[in-house]
Amino acid sequence: MTNWPKSYPLALLIALMALLPVGVLFSLAQDSAQLFDTHNLRVLGNTISLVVLTIIGSVLIGVPLAFLTAYVQMPFKRFWLILLAAPLALPSYIGAFAMYFSFGTGGEIENVLGISTPPISGLWGSALVMSLYTYPFVMMTTRSSLLSLDASLVNAARTLGLSLGASLWRVVLPRVVNSVAAGALLAALYALSDFGTPAIMGFDTFTRVIFVEYNAFGLSQAAMLSLQLMVIVGLILFIESRIGGAQERPGKHLSLFPARWQRNLMLLATLPVVFMAIVLPLAIFTLWLVREGTGGFELSYAWNSAHASFIAAMVAVLLAIPVAHAAIAGKAGRFMERITYFGFGVPGIVMGTALVYVGLKYLPALYQTLSLLVMAYVLRFIPLAVGSVRSTAENIDSGLVKAARVLGASPREAFIRVTLPLTLRGMIAGAALVFLEAMRELPATLMLGPTGFETLATYMWRVYEAGYFGRAAVPGLLLVLLSGVGLVLMLSGERKAQFTVTEDDRS
């Protein structure tokens with residue numbers, strides 16, 4: 001008889017919980033007869049158009065910046081990497097909020113500088129914002145691949161007479177195309193799941209229309225739209241799983257030392273991206289803060305955000321421990337772990353729709369309570385905790401556990417006294433990531449938050465709906481600050497290449 005690891009039963013239960021939203025949506029959507037009517041097809045076309053434009057924009061911005069940050073040697077290189085990666089940590093609705101109220105007639109740019117600018121809204125406005133806040137996905141995946149490539153082929157191409165640009169185009173780029181595609185698919189998933197940006201820009205995508213249907217008490221139609229959105233998400237996840245990484249061995253990576261004017265020109269070309277994605281939102285929110293002060297902001301909003309997010313982080317870590325150890329124990333455990341990652345691919349608006357129905361139909365005592373909101377956070381972001389705990393647990397020397405067993409410790413005692421303390425760092429990192437993501441979550445919080453329960457994200461949405469955009473200054477700046485903490489966590493694990501070789505193009 002097979003002796004299953006003790007972590008398997010709990011891991012299986014948690015994996016089944018991650019599949020709960022899909023089962024609920026299928027049950028709820030049975031009452032909807034509108035599968036592909038004219039409106040649905042228009043929303044589908046809008047969503048696909050936004051995804052395609054986001055992919056194009058993120059690749060056009062991200063790939064050149066990957067080459068710049070990977071190969072070009074410049075002063076304060078680490079600073080430029082952090083600056084260019086910063087949009088990855090910011091919620092896109094921050095940028096959408098700032099741009100929507102900055103451009104166009106009566107916008108802040110016209111009010112302050114007297115310069116007339118075209119409005120940013122609709123499909124092109126949404127695509128611009130999405131591109132600016134998703135290009136770091138492409139930049140970071142491509143950069144990681146570039147740093148692992150051996151520069152000898154580039155040197156050989158230069159020796160045979162190719163220019164540096166031609167060598168990068170014909171030798172390097174084909175070797176990182178899979179990494180570019182992987183980053184582009186992550187950008188596509190972000191565009192599919194984001195609610196705040198298309199909603200603020202007034203563009204009907206699945207996420208915005210699902211929220212409208214929910215507010216109109218059309219739960220069945222919202223569920224049907226959610227399932228259609230999940231089909232597209234599933235397709236992109238499948239494509240992403242089929243993309244393989246680079247197969248070649250790492251080698252000495254290329255280092256370029258351009259002339260000062262060339263380097264300055266490269267950095268100058270990055271300024272529009274930095275300005276639009278980082279400087280403009282900070283400037284607009286600071287302007288509003290100076291002009292209107294704290295407005296109607298209350299510290300209770302920040303406390304609500306922190307309180308709910310902290311509970312979700314603790315619960316997610318506790319549930320991640322058996323899942324992570326099951327994944328280490330065997331193939332069945334790894335399969336259960338993969339199922340939990342499904343929740344991270346479920347857009348917040350879809351998770352909210354499913355759990356609203358669960359609350360109304362099966363758990364009325366939990367409907368519009370903090371418990372149901374925390375459940376949504378945990379189901380969505382538990383993969384962040386699982387990944388951190390598992391990566392730490394995998395690096396534990398198994399000899400320590402064996403030594404504890406030899407000295408008389410039971411398996412439970414060895415786990416509590418040896419394994420658990422050694423995974424504490426991963427648990428803290430996972431909890432921090434869940435906390436930060438939950439703080440920024442907008443649609444699920446709007447749908448599941450208790451009556452009168454405002455967080456930083458939902459308060460920004462309320463003032464947007466009411467037209468009092470100046471009151472968004474404090475929550476906006478606080479979210480930017482918290483996002484900066486998240487960026488530090490994401491970049492702290494990046495390893496520097498061990499070997500470099502210089503390629504001086506000044507000769």
Side-chain angles (χ1 to χ4, degrees), residues 18-30 32 34-59 92-93 122-123 126-127 129-131 133-134 137-138 141 180-199 201 203-214 218-243 338-355 376 379-380 383 441-444 447:
L19 293 177
L20 174 67
V22 178
V24 171
L25 290 174
F26 271 110
S27 174
L28 186 56
Q30 291 177 358
S32 176
Q34 299 179 5
L35 180 58
F36 287 115
D37 61 7
T38 303
H39 178 61
N40 286 13
L41 290 175
R42 182 176 66 83
V43 173
L44 175 63
N46 288 348
T47 303
I48 293 176
S49 298
L50 178 59
V51 169
V52 170
L53 289 176
T54 299
I55 290 174
I56 294 173
S58 63
V59 170
S92 62
Y93 59 77
L123 171 61
S126 300
V129 173
M130 287 294 185
S131 299
Y133 289 92
T134 59
F137 287 121
V138 179
T141 56
V180 175
L185 288 174
L186 290 174
L189 283 173
Y190 190 99
L192 276 174
S193 63
D194 188 66
F195 162 75
T197 297
M201 292 292 171
F203 185 62
D204 282 341
T205 61
F206 274 116
T207 53
R208 184 172 189 250
V209 175
I210 289 169
F211 188 71
V212 171
E213 291 289 345
Y214 162 75
L219 272 182
S220 295
Q221 184 63 13
M224 178 61 70
L225 291 168
S226 297
L227 287 175
Q228 293 174 22
L229 176 58
M230 286 304 303
V231 170
I232 303 175
V233 170
L235 177 62
I236 292 180
L237 288 173
F238 173 75
I239 296 173
E240 191 272 337
S241 70
R242 306 299 296 176
I243 294 177
R338 293 297 297 175
I339 293 177
T340 64
Y341 276 75
F342 183 80
F344 199 55
V346 176
I349 194 77
V350 175
M351 184 70 73
T353 301
L355 292 186
L379 290 178
R380 279 216 69 202
E441 174 62 30
L442 175 59
M447 300 175 76

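Bear in mind the structure is a predicted one, so any value in this text is a computation, not a measurement.
Sorted by first and then second residue, the side chain to side chain donor-acceptor pair (under 3.5 Å) pairs with a member in residues 188-199 read Ser92-Tyr190, Ser92-Asp194, Ser92-Thr197, Asp194-Thr197; sequence neighbours excluded. Residue pairs that meet the salt bridge (charged side-chain N to carboxylate O under 4.0 Å, His left out) test with at least one member in residues 345-354, sequence neighbours left out, do not exist here. Pairs of residues two or more places apart, or lying in two chains, never qualify as salt bridge (charged side-chain N to carboxylate O under 4.0 Å, His left out) while including a residue from residues 221-235.
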Test side chain to side chain contact (heavy atoms under 4.5 Å, CB included) applied to Ile349 and Met447, step by step: CA-CA 8 Å; Ile349 194 77; Met447 300 175 76; 3.5 Å; yes
Worked check of side chain to side chain contact (heavy atoms under 4.5 Å, CB included) between Val138 and Val180: CA-CA 6 Å; Val138 179; Val180 175; 4.3 Å; yes
CA sep, side-chain torsions, deciding dist, call: Leu44, Gln228, side chain to side chain contact (heavy atoms under 4.5 Å, CB included): CA-CA 9 Å; Leu44 175 63; Gln228 293 174 22; 5.7 Å; no
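Here the shortest heavy-atom pairing between Thr54 and Ala187 reads CG2-O, 3.9 Å. Of all heavy-atom pairs spanning Leu28 and Ser220, the tightest one is O-OG, 3.4 Å. In plain terms, the two heavy atoms of Ala184 and Val59 that are nearest each other are CB-CG2, 4.0 Å. Listed here is the closest heavy atom pair of Arg208 and Pro198: CD-O, 3.7 Å. The shortest heavy-atom contact between Ala354 and Val24 is O-CG1, 3.4 Å. Across all non-hydrogen atoms, the minimal contact from Glu441 to Gly348 is OE2-CA, 3.6 Å.
For Phe211, the ring-ring contact (aromatic ring centres under 6.0 Å, His included) partners are Phe195, not counting sequence neighbours. Applying the side-chain hydrogen bond (donor to acceptor under 3.5 Å, both in side chains) rule to Thr353 yields no partners; only residues at least two apart in sequence or on another chain are considered. Scanning for side chain to side chain contact (heavy atoms under 4.5 Å, CB included) contacts around Tyr341 gives Glu337, Pro383, Val386, Arg390, with sequence neighbours left out. Every residue two or more places apart in sequence or in another chain was checked for a salt bridge (Lys or Arg N to Asp or Glu O under 4.0 Å) with Arg338, and none qualifies. Every residue was checked against the ring-ring contact (aromatic ring centres under 6.0 Å, His included) condition with Phe137, not counting sequence neighbours, and none meets it. Legend: residues meeting side chain to side chain contact (heavy atoms under 4.5 Å, CB included) with Val52, ordered by chain and number and at least two apart, are Ile48, Ile56. Annotation: side chain to side chain contact (heavy atoms under 4.5 Å, CB included) contacts of Leu53 (sequence neighbours excluded): Leu123, Trp124, Ala127. When the side chain to side chain contact (heavy atoms under 4.5 Å, CB included) test is applied to Val43, the partners found at least two apart in sequence or on another chain are His39, Thr47, Phe206, Val209. Taking the side-chain hydrogen bond (donor to acceptor under 3.5 Å, both in side chains) definition, one finds that Ser131 meets it with nothing, sequence neighbours left out.
Between Pro21 and Leu355, every side-chain heavy-atom pair lies at or beyond the 4.5 Å cut-off. In this structure, Met201 and Leu50 have side chains that are not in contact, with every pair of non-hydrogen atoms separated by 4.5 Å or more.
Using modelled atom types, no side-chain atom of Asn46 and backbone atom of Thr205 make a donor-acceptor pair closer than 3.5 Å. Using a distance-only test at 3.5 Å, with no hydrogens or angles considered, a donor-acceptor pair links the side chain of Arg380 to the main chain of Val346.
Applying the side-chain contact (heavy atoms from CB on, under 4.5 Å) test between Leu225 and each of Ile210, Val212, Val350, Thr207 identifies Ile210 as the sole match.
To the nearest 0.5 Å, atoms CE (Met130) and CD1 (Ile55) are separated by 12.0 Å. To the nearest 0.5 angstrom, Leu379 atom CG is 5.0 Å from Met351 atom CE.
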